[in-house]
Amino acid sequence: MTFAKIFLISIFLIYFIIIIYAYIKTKKFFSTFIIIALQGICALFAVNLLGQYISVHIPLNGLTIGISSLGGIPGIIMILLCDVFMYWN
């Protein structure tokens with residue numbers, strides 16, 4: 001595993017720990033979660049819809065939907081960064 005992959009994975013883990021901590025500390029846990037989940041899922045579909053023009057595609061599976069609903073728009077950005085840095089040669 002290269003240094004870039006290890007670095008990205010550690011950044012993503014730190015990010016998700018911060019997100020979970022923020023969910024727990026918020027007084028309106030469920031409403032915050034629903035709003036962020038809807039934003040993430042809408043962003044996921046928007047990237048797939050508009051991505052066909054610039055050849056960007058995020059497959060729809062349980063992992064990507066889970067990351068987009070937990071992380072919202074920053075989760076989508078992390079998925080795109082993983083796609084760029086981990087799969088391009």
L80: partners by side chain to side chain contact (heavy atoms under 4.5 Å, CB included), with sequence neighbours left out: V47, V56, I58, I76
message: Please enumerate all residues that pass side chain to side chain contact (heavy atoms under 4.5 Å, CB included) together with L60, with sequence neighbours excluded.
response: L44, F45, N48
Path from [X] to [Y] over hydrophobic side-chain contacts below 4.5 Å:
X	Y	answer
I14	I77	no
Y21	L70	no
L81	L63	yes
I35	F30	no
I18	F33	no

message: According to side-chain hydrogen bond (donor to acceptor under 3.5 Å, both in side chains), does anything in residues 52-70 pair up with another residue at least two apart or in another chain? List the pairs.
response: N61-T64
- prompt: What distance do I65 atom CD1 and I79 atom CD1 have between them, rounded to the nearest 0.5 Å?
  reply: 9.5 Å
- prompt: Any idea which heavy atoms bring I73 and A43 closest together, and the distance?
  reply: CG1-CB, 4.1 Å
